[in-house]
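The structure appears below as structure tokens.
In what follows, chains carry the letters A, B, and so on, assigned in the order in which the sequence lines appear, proteins first and then strands, with residues in each chain numbered from 1. Keep in mind that this is a model prediction, so the values were computed, not measured.
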There are 2 protein chains.
Amino acid sequence: MQHPAAEHDLRDPHGPYDPYQPPPKATTLAEVARHAGVSPSTVSCVINGKRNISPPTRLRVQAAIDELGYLPHAGARALASSKSRIVALAVPLRADLYVPAMMQIAIAVTTAARRHDHDVLLITNHEGPEGIRRVAGTGLADAVILMDVELHDERIAVLRELGVAASLIGLPADPEGLPCVDLDFAAAGALAADHLADLGHRQVAFIGMGEGVYRRRTGFAERTRSGFEDRCRERGLRAIHRPCDSTYDGAAGVLARVFEDRPGTTALVVQNEAMIGPLLGLLRSSGREVPQDVSVLAIGPDEPAARQSSPRLTSIGLPAHDLGHRAVELVLGENAGEPGVIMLPPRLAVWESTAEPPGG
Amino acid sequence: MQHPAAEHDLRDPHGPYDPYQPPPKATTLAEVARHAGVSPSTVSCVINGKRNISPPTRLRVQAAIDELGYLPHAGARALASSKSRIVALAVPLRADLYVPAMMQIAIAVTTAARRHDHDVLLITNHEGPEGIRRVAGTGLADAVILMDVELHDERIAVLRELGVAASLIGLPADPEGLPCVDLDFAAAGALAADHLADLGHRQVAFIGMGEGVYRRRTGFAERTRSGFEDRCRERGLRAIHRPCDSTYDGAAGVLARVFEDRPGTTALVVQNEAMIGPLLGLLRSSGREVPQDVSVLAIGPDEPAARQSSPRLTSIGLPAHDLGHRAVELVLGENAGEPGVIMLPPRLAVWESTAEPPGG
DNA sequence: ATAGTCATAGACAGCGCTGTCAGGCTCTTG
DNA sequence: CAAGAGCCTGACAGCGCTGTCTATGACTAT
């Protein structure tokens with residue numbers, strides 16, 4: 001497992017050479033200092049930019065660092081500076097959430113964190129809120145980002161209690177003191193209603209998330225729904241709302257009931273991303289052409305997914321990348337920790353799945 | 001012993017909660033020791049179980065720990081023990097991979113790591129192989145798990161060079177010295193062929209991954225294909241293989257060509273999970289019933305996904321959970337680091353999407 | 001020319017924990 | 001009853017780095 005003989009001795013080349021060094025001992029800051037002919041603290045300062053170092057010295061130190069391939073020991077830094085440079089990301093374990101979006105956010109968080117010279121530690125809800133207490137309490141992480149925030153999320157209490165830097169992706173009932181970022185789902189709902197109203201639709205259906213989602217954390221699902229319904233009312237659209245579980249048969253049932261209850265429905269707004277594919281298939285096989293007979297507007301899928309469907313979907317995407325980056329910015333950036341709620345404006349991408357209603 | 005120097009009282013967990021506690025100073029091991037009337041090293045031993053502690057002492061210490069809500073400082077432990085108790089998980093950034101499976105594996109890795117009292121650090125390919133060098137070199141992580149391993153993966157060289165504990169999910173061209181775990185895709189391909197042959201099919205098509213996947217890292221995709229084709233030959237099946245990109249139109253084109261080139265095709269094996277939904281829809285809308293007219297066997301989707309389709313899919317699932325757990329076991333478990341290749345046997349779940357060929 | 005100022009580098013004391021070591025204790029045995 | 005054998009425990013020396021404080025030198029202004 002270990003590298004038997006390093007090609008060059010990483011220790012002081014002018015000092016006594018000890019050939020018996022089985023483990024590939026990591027270079028220390030002290031060795032770099034000796035190599036550069038400066039004191040350890042100078043090296044530390046060069047690395048952290050904590051004080052003015054004259055260019056020649058900085059260069060010498062830099063050269064020594066490169067030459068020795070020096071990497072500072074993370075634990076030692078964390079101990080001495082009481083900063084771990086690690087952000088904990090609490091990801092959901094839910095089955096009824098759209099996974100690709102979560103993954104995209106997680107990746108966005110990771111790349112954004114790296115830009116701030118931080119790493120990302122994954123914690124799942126498996127441990128429950130105690131996981132947060134653990135990583136924050138041990139100093140493993142010095143910031144926490146919560147995903148899939150519920151309206152009354154028990155993790156929030158832990159965050160407040162610990163006073164740890166944190167940001168939320170999602171909007172709880174009481175965001176007091178905690179920075180949050182989320183898509184403005186109410187505006188998204190309204191935007192969807194507007195688009196359909198503008199096209200001339202008069203009777204529309206909102207196919208939402210599974211019932212469990214509404215029951216549990218009415219957050220984004222409920223916001224979308226009410227934003228949509230309010231705007232429908234304003235624009236004189238008749239709207240119905242139907243929750244939809246993430247199963248093919250569930251989608252089939254919902255779709256059948258929609259056209260049974262409201263045969264005049266000419267447009268569907270779909271929030272449960274996992275069901276868009278099946279719904280399109282069902283519409284097709286029931287002889288309804290999209291968008292000639294019925295328009296479909298999706299809320300939530302990412303751009304590429306929407307463009308890969310057939311027909312290409314008119315949709316309001318989830319800005320996964322933005323959400324991740326903003327969350328990191330809120331917790332590590334300039335104005336880190338300043339509470340505040342950022343609602344990202346929804347953007348409607350019009351493609352081929354919406355059109356004027358038949359005979360419209 | 002108890003100098004009044006520490007008149008700074010320890011918070012009573014049952015007392016009123018004071019929201020104004022700007023510096024929630026963390027308890028240290030020394031404080032616990034004082035509180036329990038023992039020496040710091042004794043407390044350390046109680047925590048790490050490094051030596052025999054008499055039950056009464058252990059109990060006193062345990063009580064003090066609980067009472068003070070003590071959590072050891074991760075950085076200090078890492079420094080003193082040169083073990084970070086962190087596993088780095090290198091996740092892919094690819095767009096052409098099935099994301100839900102990746103997420104499931106990541107979650108399995110995380111829960112398994114927790115069982116070994118480790119945490120998981122996320123690193124993306126964004127940093128390239130240098131990310132691995134960084135987390136291992138700084139002692140941030142003391143083990144690395146690679147996902148989405150390519151046949152000739154440049155990250156493997158870094159792993160070998162650093163001599164860091166590692167395990168791979170996937171199978172590179174040369175796994176020498178590195179423990180690997182993967183689904184036995186060749187066996188999966190053979191199993192698929194057997195199932196279809198048993199049902200009486202004579203002419204079948206394999207709809208594979210996107211061409212890029214074959215070009216880049218022929219690993220699992222190529223293994224599946226050859227396992228399938230070899231077995232088809234043995235069983236006297238006529239088989240064709242078609243790569244399939246992850247777009248609706250791509251799937252449509254592939255499907256059309258399959259039936260054009262081989263009108264007698266009665267069964268499809270699909271490996272590109274993202275395209276299963278679209279393919280089922282296309283079959284339906286082209287008037288082919290599944291499984292009456294054509295059988296469909298999926299390789300890769302997880303059980304729940306397969307059961308949510310309509311019809312429920314006969315499939316060989318990717319054992320995401322097992323893969324994650326095994327990978328952790330290989331790198332942290334009893335026989336950690338022992339190189340060896342674990343090929344998980346494929347399991348075929350027969351549901352409704354396969355049947356005898358028409359007129360069979 | 002001399003005192004005062006600033007810029008720069010070094011010394012040093014920890015950060016909180018681990019792990020080794022030797023010593024003190026009780027218990028056993030001749 | 002005394003000496004040997006174990007079992008616990010406390011003392012102690014770092015792990016590698018940070019950050020503050022002080023010392024040194026060069027430079028400016030009088």
Min side-chain heavy-atom separation I86(B)-L140(B) under 4.5 Å | yes

Taking side chain as C-beta onward, heavy atoms only, is I169(B) less than 4.5 Å from I105(B)?
-> yes

Starting from C1' on dT20(C), measure out to CG on N48(B) and report it in whole angstrom.
-> 14 Å

Thinking salt bridges, do R133(B) and E161(B) make one under a 4.0 Å N-O criterion?
-> yes

Mind calculating the distance between NE2 (H73(B)) and P (dC15(D)) to the nearest angstrom?
-> 19 Å

Please assess V87(B) against V328(B) for the test side chain to side chain contact (heavy atoms under 4.5 Å, CB included), listing each intermediate value before the final yes or no.
-> CA-CA 9 Å; V87(B) 182; V328(B) 169; 5.9 Å; no

Nearest-angstrom distance from the residue atom CG of L29(B) to P of dA11(D) | 14 Å

Whole-Å distance between dT18(C) C1' and R85(B) CZ?
-> 11 Å

Nearest heavy-atom pair of Y70(A) and I47(A): which atoms, and what distance?
-> CE2-CD1, 3.6 Å

Using nucleotides 23-28 of chain C, report all nitrogen or oxygen pairs with the protein that are shorter than 3.5 Å.
none

Say whether, by atom type as modelled, one donor and one acceptor occur between the side chain of S167(B) and the main chain of A327(B) under 3.5 angstrom.
-> yes

With sequence neighbours left out, what residues match H321(A) under ring pair (Phe, Tyr, Trp, His ring centres under 6.0 Å)?
-> H325(A)

Terminal axes of the helix from dA1(C)-dT30(D) to dG30(C)-dC1(D) (five pairs each): angle between them, nearest 10 degrees = 40°

Could you name each residue pair satisfying side chain to side chain donor-acceptor pair (under 3.5 Å) that touches residues 79-92 of chain B, not counting sequence neighbours?
-> S84(B)-D142(B), R85(B)-D117(B)

Sequence neighbours excluded, the answer for side chain to side chain donor-acceptor pair (under 3.5 Å) partners of E127(B) is R114(A), R134(B)

In B/S/- notation (B base, S sugar-phosphate only, - none; protein heavy atoms under 4.0 Å), nucleotides 8-13 of chain C written 5' to 3' is SBBB--

For S44(A) and dT18(D), is the shortest distance between a side-chain N/O and OP1 or OP2 below 4.0 Å?
-> yes

What is the distance from CG of L79(A) to C1' of dC17(C), rounded to the nearest Å?
-> 8 Å

Can you tell me how far P of dC15(D) sits from CG of L71(A), to the nearest Å?
-> 19 Å

Under 4.0 Å between a side-chain N/O of R77(A) and OP1 or OP2 of dT18(D), yes or no?
-> yes

Should R160(A) and D174(A) count as an ion pair when the cut-off is N to O under 4.0 Å?
-> yes

When rounded to whole Å, the NZ to P distance for the pair K50(A) and dC21(D) reads 15 Å

Taking the side chain from N48(B) and the backbone from S44(B), do they hold a donor-acceptor pair closer than 3.5 Å?
-> yes

K83(A) NZ to dG16(D) P, in whole Å, measures 23 Å

